[in-house]
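Since the structure is predicted, the reported quantities are computational estimates derived from the model, not experimental observations.
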Amino acid sequence: MQYDVVVVGGGPAGLAAAIRLKQLCAAQGKDYSVCVVEKGSEIGAHILSGAVIDPRALEELFPDWKEKGAPLDTAVTEDRFLFLSKANAWQVPGWMLPACFRNHGNYAASLGNLCRWMATQAEAAGVEIYPGFAAAEVLFTDDGRVRGVATGDMGIGKDGGKTDRYQPGIELHAKYTLFAEGARGHLGKRLQERYRLREGRAPQVYGIGLKELWEVKPEKHVPGLVVHTAGWPLGSDTYGGSFLYHLEGNQVAVGFVVGLGYRNPYLYPFEEFQRYKTHPAIRGFFEGGRRISYGARAIAAGGLQSLPKLVFPGGALIGDDAGFLNASRIKGTHAAMKSGMLAARSAFDALAAGREHDELSQYPEAFAASWLHEELHRARNFKPWMSKGLYTGTVMVGIDQVVFGGKAPWTLTHRHADHDELLPKERFSPIEYPKPDGVLTFDRLSSVFVSNTNHEEDQPSHLRIKDPAIPVKVNLAVYAGPETRYCPAGVYEFVTEAGTPRLQVNAQNCVHCKTCDIKDPKQNIEWVVPEGGGGPNYPNM
């Protein structure tokens with residue numbers, strides 16, 4: 001199938017790019033064909049974010065978004081930032097909060113629902129959207145330019161043979177292909193390697209974000225309340241914190257982020273999240289409530305200095321596939337959308353000039369001149385400072401953001417990828433986590449159940465172990481099997497057969513967070529797309 005532009009990924013970046021292309025077509029009398037392929041069963045199925053959304057990019061895309069019914073219904077009414085110890089909480093006075101933690105004018109919302117709404121706008125504008133089709137391969141011209149993608153075959157059995165469900169994948173050819181797969185996109189990773197897009201750039205660093213959606217008692221619900229915390233249950237040397245957002249309809253989104261540069265192999269991000277909810281300043285929100293959904297995803301948090309080169313012959317990286325997230329504001333939706341819109345403008349102008357399969361150099365130039373670049377430049381030192389520990393980081397971020405307004409005459413950088421940071425188990429003691437009570441705290445398998453995750457079981461594993469000896473000889477022996485803890489879905493477990501341990505991969509549990517691809521200490525696990533339509537089916541996340 002031939003298109004002018006193919007967009008890989010139906011999140012905020014991909015949809016914003018597709019919509020902007022069609023808006024430009026309508027304004028200038030063109031009719032360029034635009035296609036969006038999305039691996040989730042529907043638009044929004046794999047979308048997970050906090051989310052407090054800055055509407056700046058949305059307003060540029062749709063100045064009349066309120067009249068059109070965009071689902072941003074709950075304006076932020078109050079910000080609270082708490083430092084937690086095990087038993088106490090200290091609230092930062094409002095006058096001391098840096099601007100990055102102030103959310104006046106923003107909205108507590110479901111990003112999944114926003115994407116579903118954006119998809120209806122895109123289709124009305126003439127964009128073709130194909131959910132349930134996973135882009136599995138990048139296609140190249142004979143001279144090495146990107147000419148599109150191929151979707152994965154359906155109905156391939158575990159043995160590699162064709163089953164009675166077999167349907168071949170489809171080649172989608174395009175003059176330009178925009179990759180918007182989210183953090184650690186597997187095609188984006190390959191493109192960065194092939195075209196050396198990371199040369200001269202700092203390593204990308206990530207966090208794992210875990211989230212639950214709750215329905216709480218009306219008397220405990222404060223529409224528009226935004227609560228962030230730092231400190232307990234994490235140690236001061238581990239980057240991370242929580243969010244708690246009161247949405248409409250007595251719903252509360254609660255989540256926990258742990259930086260994946262942590263060093264202690266016994267750290268268990270899922271259990272840290274469960275512990276957090278038991279804090280005296282937090283648990284009261286959930287008393288008498290019920291959990292509705294759960295999910296997890298990786299977050300590209302490196303900032304401006306970790307962005308790769310954005311373009312290559314025939315396409316571009318947009319959204320979190322590149323790393324457009326403002327870690328200091330804990331926001332990426334507006335950045336993803338803006339990046340998609342900038343790339344769309346560049347692609348449109350190239351098509352109008354009769355070009356194809358070349359570099360969209362106008363896109364990085366437009367980014368460098370945009371408000372998004374200015375915003376990310378102000379935030380560039382946040383993550384490097386916070387990686388130095390909670391107390392040092394808090395003081396230095398305060399100086400950077402309050403005293404210098406984010407314009408300090410220095411730029412810190414990230415020196416190591418997250419998988420290089422893990423230390424041997426002998427340096428640490430195992431962490432004892434309390435058992436879940438099934439009311440406020442839960443185990444991973446019951447959590448995966450409410451993520452509505454499903455995969456066709458008779459298919460090759462999409463979690464590829466490059467060297468089957470490494471999990472036991474290195475990961476288990478040196479690091480106490482960290483994959484059994486950093487995975488938020490219980491995919492990895494060591495089982496013993498005839499006295500010999502081996503790694504068992506329960507790929508059907510995977511929520512597509514990509515943490516294993518990021519944190520495995522020997523980079524021995526590669527995440528690739530399963531059959532289209534597999535994975536979580538998040539409602540209202």
Side-chain angles (χ1 to χ4, degrees), residues 8-14 36-51 111-112 115 130-137 149 151-152 154 179-190 206-213 255 257-258 260 269-270 293-300 319-321 323 325 332 336 444-445 447-457 459-465 483 486-492 505-520 525-541:
V8 180
V36 175
V37 289
E38 162 58 38
K39 64 183 174 67
S41 61
E42 64 170 1
I43 296 295
H46 290 178
I47 297 295
L48 183 145
S49 182
L111 181 56
C115 287
Y130 297 107
F133 288 87
E137 178 187 359
V149 295
T151 64
M154 306 282 280
F179 292 84
E181 306 162 282
R184 196 70 165 202
H186 84 292
L187 297 183
K189 186 173 76 165
R190 293 175 183 178
Y206 298 86
I208 173 66
L210 306 108
K211 176 183 175 181
E212 294 176 350
L213 187 65
V257 176
V258 178
L260 288 177
F270 176 88
S293 189
Y294 164 82
R297 61 158 291 189
I299 302 164
D320 229 9
D321 221 348
L325 179 132
R444 282 186 299 187
L445 293 184
S447 298
V448 172
F449 179 78
V450 295
S451 72
N452 303 305
T453 295
N454 182 62
H455 294 88
E456 169 59 49
E457 293 199 19
Q459 64 174 301
S461 174
H462 65 282
L463 301 161
R464 297 177 178 174
I465 309 298
E483 56 267 66
Y486 61 58
C487 174
V491 168
Y492 302 98
V505 180
N506 305 307
Q508 67 274 15
N509 287 1
C510 178
V511 295
H512 297 199
C513 74
K514 322 287 181 61
T515 302
C516 54
D517 194 295
I518 297 165
K519 188 60 176 174
D520 183 77
I525 301 174
E526 182 183 21
W527 191 99
V528 301
V529 290
E531 283 191 6
N537 286 278
Y538 294 136
N540 202 32
M541 293 283 269

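- Among residues at least two apart or in separate chains, salt bridge (Lys or Arg N to Asp or Glu O under 4.0 Å) pairs with a member in residues 508-517 are R184-D517, K189-D517.
- The CG atom of L48 lies 4.5 Å from the CE atom of M541; values are rounded to the nearest 0.5 Å.
- Qualifying side chain to side chain donor-acceptor pair (under 3.5 Å) partners for E483, counting only residues two or more places apart in sequence or in other chains: N475.
- Taking 4.5 Å as the limit, some side-chain heavy atom of N509 sits within range of a side-chain heavy atom of L445.
- Listed here is the closest heavy atom pair of C516 and L463: SG-CD2, 3.9 Å.
- Each salt bridge (Lys or Arg N to Asp or Glu O under 4.0 Å) pair with one or both residues in residues 528-541, not counting sequence neighbours, appears once here: R165-E531.
- In this structure, P488 and P269 have side chains that are not in contact, with every pair of non-hydrogen atoms separated by 4.5 Å or more.
- Residues forming a side chain to side chain donor-acceptor pair (under 3.5 Å) with Q459 (at least two apart in sequence, or on another chain): none.
- Counting only heavy atoms from C-beta outward, the side chains of I525 and Y492 approach each other to under 4.5 Å.
- With sequence neighbours excluded, the residues that form a side chain to side chain donor-acceptor pair (under 3.5 Å) with H512 are K39, H455.
- Using a 4.5 Å heavy-atom threshold, the side chains of I299 and I208 count as separate.
- The structure places CH2 of W527 at 11.0 Å from OG of S461, a figure rounded to the nearest 0.5 Å.
- Listed by chain and number, the residues in a side chain to side chain contact (heavy atoms under 4.5 Å, CB included) with R190 are H186, L187, R464, E526, V528 (sequence neighbours excluded).
- Side chains of C487 and T515 form no contact here, defined as non-hydrogen atoms less than 4.5 Å apart.
- For D321, there are no salt bridge (Lys or Arg N to Asp or Glu O under 4.0 Å) partners at least two apart in sequence or on another chain.
- Remark: N540 engages S110, N113, L213, Q251 in a side chain to side chain contact (heavy atoms under 4.5 Å, CB included) (not counting sequence neighbours).
- The two residues H462 and C510 have their closest heavy-atom pair at NE2-SG, 3.3 Å.
- Taking CD1 of I518 as the start and OH of Y486 as the end, the distance is 10.0 Å to the nearest 0.5 Å.
- Residues P131 and S41 come closest through the heavy atom pair CB-O, 3.8 Å.
- Taking the side chain to side chain contact (heavy atoms under 4.5 Å, CB included) definition, one finds that I47 meets it with P12, L111, C115, sequence neighbours left out.
- Y294 is linked by a ring-ring contact (aromatic ring centres under 6.0 Å, His included) to F270, counting only residues two or more places apart in sequence or in another chain.
- Contact check for T151 versus Y130: no side-chain heavy atoms found under the 4.5 Å cut-off.
- Side chains of P536 and H46 form a contact here, defined as non-hydrogen atoms less than 4.5 Å apart.
- Residue P539 comes nearest to S293 through the heavy atom pair CD-OG, 3.6 Å, listed as atom of the first residue, atom of the second, then distance.
- By the side chain to side chain contact (heavy atoms under 4.5 Å, CB included) test, A300 is found to be paired with A183, Q204, Y206, D320, residues two or more places apart in sequence or in another chain being considered.
- Every residue two or more places apart in sequence or in another chain was checked for a side chain to side chain donor-acceptor pair (under 3.5 Å) with N454, and none qualifies.
- Of the possible donor and acceptor atoms, one in the side chain of K519 sits under 3.5 Å from a partner among the backbone N and O of L260.
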